[in-house]
Amino acid sequence: AEAAGEMLQKLVPDIQKTAELVQEITAASSEQNAGAEQINKAIQQLDQVIQQNAGASEEMASTSEELASQAEQLQSAIAFFKVSDSSRGAAQLRTVEGAPAKRAAARAKIASTGYTVRPVKNSGVALSLGNGNGSGAAQDDEFERF
């Protein structure tokens with residue numbers, strides 16, 4: 001009986017230690033479960049953000065296509081004019097073959113603005129954007145030339 005009592009006294013601390021370990025495992029399991037729930041919520045939020053980004057990306061792609069289309073239209077509209085390299089800011093009209101009425105209308109429209117239009121050999125007309133007193137080039141210095 002004494003031997004059994006001694007064995008029980010030795011087992012009680014081990015049983016208490018085991019019980020404490022089980023409690024720690026339970027607490028760690030609860031914390032792990034809470035962490036898994038937080039990760040799940042974060043993944044759901046990430047999924048929502050990805051879906052929003054995909055929608056925005058599609059919208060940007062369609063806007064980009066529209067801008068490209070408008071850029072082509074703008075290029076075709078300004079293709080009529082050819083800007084020269086002269087430091088005085090002169091511009092030349094490109095020749096429009098087979099369209100003398102268009103050329104005449106363009107010349108008349110430009111002439112009505114007060115700018116100088118003079119014929120250039122076999123390549124349309126030269127358009128001086130100065131106001132006749134030589135100060136036009138100074139006014140155009142702030143603009144980039146192409």
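We number each residue from 1, following the sequence as shown. For the numbers below, each heavy atom of this structure counts, side chains included, while hydrogens, waters and symmetry mates do not. No experiment lies behind these values; they were computed from the predicted model shown.
Here the side chain of Thr18 pairs a donor or acceptor atom with the backbone of Asp14 at under 3.5 angstrom. Side chain of Thr26 to main chain of Val22: a donor-acceptor pair is present (N/O by atom type, distance under 3.5 Å, no hydrogens or angles). With Thr63 contributing its side chain and Glu59 its backbone, the two residues share a donor-acceptor pair below 3.5 Å.
Taking CG from Leu67 and CG from Leu74, the interatomic distance works out to 11.5 Å, rounded to the nearest 0.5 Å. To the nearest 0.5 Å, atoms CD (Gln16) and CG (Leu21) are separated by 12.0 Å. Atom CD of Gln75 is separated from atom CD of Gln70 by 12.5 Å, given to the nearest 0.5 angstrom. With rounding to the nearest 0.5 Å, the separation of CD in Glu31 from CD in Glu24 is 10.5 Å. With rounding to the nearest 0.5 angstrom, the CD atom of Gln52 is 10.0 Å from the CG atom of Asp47. In this structure, CG on Leu46 lies 9.5 Å from CG on Asn53, to the nearest 0.5 angstrom.
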- Query: What do the steps show when you test Gln44 against Gln48 for side chain to side chain donor-acceptor pair (under 3.5 Å), and what is the final call?
  - Reply: CA-CA 6 Å; Gln44 288 175 352; Gln48 289 175 349; over 6 Å; no
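Other residues sharing a hydrophobic cluster with Val12 under the 4.5 Å side-chain heavy-atom criterion for ILVMFWY residues do not exist; the residue is a singleton.
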